[in-house]
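This report refers to the structure that appears directly beneath it.
In what follows, chains carry the letters A, B, and so on, assigned in the order in which the sequence lines appear, proteins first and then strands, with residues in each chain numbered from 1. Atom set for the values below is all heavy atoms of this structure, side chains included, hydrogens, waters and symmetry mates excluded. Keep in mind that what you see is a predicted model, and the values were worked out from it rather than measured.
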Amino acid sequence: MPLRMSTLFVRTLREEPADAELPGHTALLRAGYIRRAGTGLHTWLPLGHRVYRRVEQVVREEMDAIGAQEVHFPALLPKEPYQATGRWEEYGDNLFRLRDRRDNDYLLAPTHEEVFTLLVKDLYASYKDLPVSLYQIQTKYRDEARPRAGLLRGREFVMKDSYSFDVDDAGLEASYDAHRGAYVRIFERLGIPFVIVEAMSGAMGGSRSEEFLAPTPVGEDTFVRSPGGYAANVEAVTTPVPPALPFDDAPAAHVEDTPATPTIETLVAFANEHHPRPDRPWRPADTLKNVVVMLTHPDGSREPLVVGVPGDRDVDAKRLAAQLEPAEVAVFDDDDFAAHPHLVKGYLGPQILGAASETSIRYLVDPRVVTGTRWLTGANAEGHHVFDLVCGRDFTPDGVIEAAEVRDGDPAPDGSGPLELARGIEIGHIFQLGRKYAEALDLKVLDEHGKLVTVTMGSYGIGVSRIVAAIAEACVDDLGLCWPAPIAPARVHLVAAGKGEEINDTAERLAAELEAAGIEVLLDDRPRVSPGVKFKDAELLGMPKILVVGKRLADGVVEVRDRASGEREDVAVDAVVGHLVADASPAPR
RNA sequence: CGGGGUGUGGCGCAGCUUGGUAGCGCACCUGCUUUGGGAGCAGGGGGUCGUCGGUUCGAAUCCGGCCACCCCGACCA
C-alpha cells in the first residue's frame with residue numbers, strides 16, 4: 001500500500017520555524033519529519049520515524065552479521081555501577097540524576113559500559129564463553145550545558161552501543177576489526193559520505209580508537225587529513241618531534257629588562273628594537289609561551305600546571321583538555337595567581353617550574369621544544385625576559401603534551417604530507433577499552449590453566465538519531481531534503497498533477513503497480529490541491545524520484561524527475577514502472 | 001557558567017515608546033471560481049498576550065520577581 005498524502009500525518013510549513021538551527025534541521029522541521037518538544041528534545045513524526053527506523057534496521061542487520069547479539073537495558077539505572085567506576089562523579093553535570101520515592105539515586109544512562117560489563121560478569125566465568133559481543137539500540141540521556149544543532153546534540157538521542165569481551169589482546173583486536181568492518185558497511189549502505197580518523201579514547205579510557213565522521217562545514221568536530229592518507233581528529237593529532245640540536249656554542253642565558261611586554265606581540269616588538277638578532281628579526285616562534293591552568297582531579301584535588309608552547313601558537317583548549325582527562329581544566333584566575341606569587345602573569349618562565357624545582361609545579365611542553373632548542377621566554381619577574389634559554393641545559397620539562405593548536409599545512413606525523421583541516425559530524429566511534437571497566441567491576445574468567453584473567457573489552461557506538469540528522473545536513477538543498485534511496489521514506493513520490501479522473505486513476509494504478517514491483521510509493525492524491533503546491537512539497541520531502549502524472553498523460557507520457565540532480569525525462573506511461581524498477585536495481589557490472 | 005536577545009491563536013510576525021479590552025500573513029473550516037510551480041473572491045473558527053505580583057478607574061503595553069526559549073562563548077556522542 002502506498003503512503004498517501006491525503007491521510008499522512010504531516011503538515012509542511014511554508015516558513016522557517018524561528019528556532020530552526022541548521023539547514024538540514026530546518027528542512028526536517030518544515031517537511032514535517034520532526035517536531036521540537038523542548039530544548040534538545042524532538043518528536044519523530046511518521047515520515048521521520050520511517051527514516052529513523054530504516055537507519056536502525058541497517059545498523060541492526062550489520063551488527064547481527066558479525067555475530068553481535070542484541071539486548072536491551074533500562075535507560076533508567078541505579079547509581080551503584082557508575083559509582084564503582086567513578087563515573088557517577090566524573091560525568092558531572094552532564095549526567096541526568098534523579099531520585100525515587102525512597103530517596104535512592106538513579107541516573108538516565110548516558111552510555112552503558114558498566115551494566116554490560118556486569119551482565120557478562122553475572123553470566124560468564126570461563127574463557128570458553130568468550131569472545132562475545134553484545135549490543136543494544138537505546139535512548140541515551142545527557143544533560144548538555146547547551147543542546148544545539150537540532151538533532152545533532154540533543155539531551156535525548158538514540159545510540160547503538162556494543163561491547164566486545166575477549167580473554168586476550170589478539171581477541172580484542174579481532175573484535176575491533178570486525179566492528180570496524182561492520183561500520184564501514186553500515187555507512188556505505190546508508191549512502192552517507194564518511195571518513196575514518198584516529199581519535200582520542202576520551203572519557204572512556206582505553207587505547208586504540210577511531211572515529212567515523214561525516215564531513216560537512218556544520219560539523220562540530222575538527223579533523224585533519226593529509227594527501228598521503230593520514231586522518232585524525234584534531235584532538236588526536238601528534239606532532240612530529242624534531243631532532244635534538246647541539247648547544248655547545250650557545251651563549252649563556254641572560255636576563256634583560258623588557259618593560260611592558262606581557263604578550264608575545266609586545267615582547268617580539270621590544271626584542272627587535274632593543275636586542276636585535278644578528279641573523280634575522282625575532283619572530284613569535286622564537287619565544288616560549290608558558291600558559292598556566294588549574295587542574296581539578298576526579299578526587300577533587302587541585303593542581304596548577306604550566307604548558308609551554310612556541311609563541312606563534314595558541315594552546316588549543318580542546319586538545320589540552322583531551323590530554324589531561326579525566327582532570328578538569330580551568331583558566332588560572334586572579335585568585336589563583338594571588339595564591340601562587342611565584343607565577344608572574346605575562347612573564348612566566350621554566351626556570352622555576354618542574355616537579356624537581358622550588359615550586360614543584362608540573363611543566364609540560366610542546367613536542368617541538370626539544371633538547372638544544374633556544375628560547376626567549378619569561379624571567380618570572382614583571383618586565384623581565386630571559387634570552388638564549390636552552391632546553392636541556394637551562395631547564396628540563398617534566399614531559400611533553402599535545403596542546404598547541406594544529407594548523408593547516410602542519411606536517412602529518414607519519415610524513416604523508418601537509419595537513420588540511422576540515423569539519424565533520426561524529427557518526428560512529430570505536431575503541432579498545434582494554435581492562436579499565438573489567439578491572440573496576442572485577443570481570444574475570446578462568447583461562448585454560450584454571451587461572452583468573454581479567455577480560456579485555458571494546459566499545460563501539462553509532463549515533464542512530466544523529467545519522468538521520470547528518471544525512472539531512474549532507475543532502476539538503478535550497479528546495480528541501482533529498483534522501484539516499486536506502487533510507488528514504490519511499491523511493492518514488494508520485495504526484496497526481498491536475499484534475500480529471502484519468503489522471504487520478506492512472507496515478508492510483510501506477511502506485512499499485514510500483515508497490516507490487518517492490519517500489520515504495522508516496523502518493524500525493526490530495527484532491528483540490530494545486531500542482532504547484534504538490535511539486536513544492538515533493539521537493540521539500542525529498543524522495544529520490546518524483547513521478548508526475550499530469551497534463552501530458554493525454555499523449556501517453558508521464559514525467560520522471562531525479563530529486564538530487566533535477567533531471568527530468570518523459571517516459572511512456574506503459575513503460576514507467578519498468579523504468580523505475582530498473583533504476584532501483586543495482587547497476588549491472 | 002559568562003555575554004546578548006526573545007516570549008502575543010498551530011507557524012511566522014506587528015502592536016508596547018505615548019495604557020482604553022488584540023491585529024496581519026501562512027495554515028485550518030464553508031461556498032463559488034481556479035488547476036504544471038506554494039491560486040482568487042466571500043464568509044468563518046481559534047489567543048487567560050510565558051508566569052506571579054505591583055502601579056492604575058483601566059495593563060499585551062509601565063515597574064519588580066520568577067520561568068522558558070534562542071544566539072555567541074566556555075563545556076560535550
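Of the residues in residues 536-544 of chain A, those lying under 4.0 Å from RNA chain B by heavy-atom distance are A:K536, A:D537, A:E539.
Using the Watson-Crick or G-U wobble rule with both distances under 3.5 Å, B:A68 pairs with B:U6. A 3.5 Å limit on both hydrogen-bonding distances identifies B:G54 as the Watson-Crick or G-U partner of B:C62. The nucleotide B:A39 finds its pairing partner in B:U33, both defining distances of the Watson-Crick or G-U wobble pair being shorter than 3.5 Å. Pairing of B:C1, defined by two Watson-Crick or G-U wobble distances under 3.5 Å, is identified with B:G73. The partner of B:C24 is B:G12, judged by Watson-Crick or G-U wobble contacts that both fall below 3.5 Å.
Note on A:K534: nothing from the nucleic acid sits closer than 4.0 angstrom, heavy atoms only. Note on A:L152: a base of the nucleic acid sits closer than 4.0 angstrom, heavy atoms only. Contact annotation for A:G154: base contact, defined as any heavy-atom pair under 4.0 Å involving a base atom. Residue-level contact check: A:G463 touches neither bases nor backbone, having no heavy atom under 4.0 Å from any strand.
For the pair A:H493 NE2 and B:G37 C1', the computed distance is 14 Å after rounding to whole Å. Between the CD atom of A:E220 and the P atom of B:C72 there is a distance of 10 Å, given to the nearest Å. If you measure from atom CZ of A:R526 to atom C1' of B:G38, you get 10 Å, rounded to the nearest angstrom. Atom-to-atom, CE of A:M159 to P of B:A77 comes out at 10 Å; the value is rounded to the nearest Å. With rounding to whole Å, A:L108 atom CG is found 18 Å from B:A77 atom P. Atoms OH (A:Y141) and C1' (B:A77) sit 15 Å apart, rounded to a whole Å. Here the C1' atom of nucleotide B:G73 and the NZ atom of A:K318 are 12 Å apart, to the nearest Å. When the P atom of B:A77 is taken as reference, atom CZ of A:R153 falls 7 Å away, rounded to whole Å.
By the salt bridge (Lys or Arg N to Asp or Glu O under 4.0 Å) test, A:D221 is found to be paired with no residue, residues two or more places apart in sequence or in another chain being considered. Shown here are the salt bridge (Lys or Arg N to Asp or Glu O under 4.0 Å) partners of A:D562, two or more places apart in sequence or in another chain: A:K545.
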Distance-only criterion, 3.5 Å: show the donor-acceptor pairs between side-chain atoms of residues 487-499 of chain A and protein atoms not counting sequence neighbours.
none

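When atom types are taken as modelled, the side chain of A:N290 and the backbone of A:L348 share a donor-acceptor pair closer than 3.5 angstrom. Listed for the A:R563 side chain is a donor-acceptor partner under 3.5 Å among the backbone atoms of A:E539. Judged purely by atom type and a 3.5 angstrom limit, A:D525 uses its side chain to pair as donor or acceptor with the backbone of A:S6.
With B:G37, B:C76, B:U35 as the candidates, the nucleotide lying closest to the side chain of A:R561 is B:G37. The side chain of A:F157 lies closest to B:A77, out of B:A77, B:G36, B:U35. Comparing atom distances between the A:R155 side chain and each of B:G36, B:C69, B:A77 picks out B:C69 as nearest.
Taking the C1' atom of each, B:C57 and B:C72 are spaced 46 Å apart, rounded to whole Å. Of the C1' atoms belonging to B:G5 and B:G44, the separation is 37 Å, rounded to the nearest Å. Rounded to a whole angstrom, the distance from the P atom of B:C71 to that of B:G12 is 14 Å. If you take atom P in B:G9 and the same atom in B:U51, they sit 10 Å apart, rounded to whole Å. Between B:C13 and B:C32, the distance separating the two C1' atoms is 31 Å to the nearest Å. For B:G46 and B:G25, the C1' atoms lie 16 Å apart once the distance is rounded to whole Å. Taking the P atom of each, B:C26 and B:U17 are spaced 29 Å apart, rounded to whole Å. Taking atom C1' in both B:C16 and B:C28, one finds a spacing of 29 Å when rounded to whole Å.
Between A:E198 and A:R208, none of the side-chain N atoms (NZ, or NE/NH1/NH2) sits under 4.0 Å from a carboxylate O, so this pair counts as no salt bridge.
Taking the nucleotide of RNA chain B with the nearest heavy atom to each of A:R11 and A:A321, the more 5' of the two is matched to A:R11. In terms of position along RNA chain B, the nucleotide closest to A:R36 lies nearer the 5' end than the nucleotide closest to the other residue of the pair A:A317 and A:R36.
Checked against A:T85 for a side-chain hydrogen bond (donor to acceptor under 3.5 Å, both in side chains), the options A:E114, A:E113, A:K436 give a single hit: A:E114.
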Contact pattern, 5' to 3', of nucleotides 39-45 of chain B - B, S or - by protein heavy atom under 4.0 Å
S------
Reading 5' to 3' through nucleotides 1-15 of chain B, protein heavy-atom contacts under 4.0 Å coded B for base, S for sugar-phosphate only, - for none:
---------SBSS--
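When only modelled atom types and interatomic distance are considered, A:Q432 and A:Y176 share no side-chain donor-acceptor pair under 3.5 Å. Donor-acceptor pairing under 3.5 Å is recorded for the side chains of A:E70 and A:Y135. No side-chain donor-acceptor contact under 3.5 Å links A:S164 and A:H179. No side-chain donor from either of A:Y183 and A:E210 sits under 3.5 Å from a side-chain acceptor of the other.
In this structure, A:R53 forms no cation-pi arrangement with A:W44, as its terminal cationic atom is not both closer than 6.0 Å to the ring centre and no more than 45° off the ring axis. For the pair A:R180 and A:Y460, the NZ or CZ position fails the cation-pi test of under 6.0 Å to the six-membered ring centre and within 45 degrees of the ring normal.
Interface remark: the A:R568 side chain does form a donor-acceptor pair with the B:G37 base, using a distance-only criterion of under 3.5 Å.
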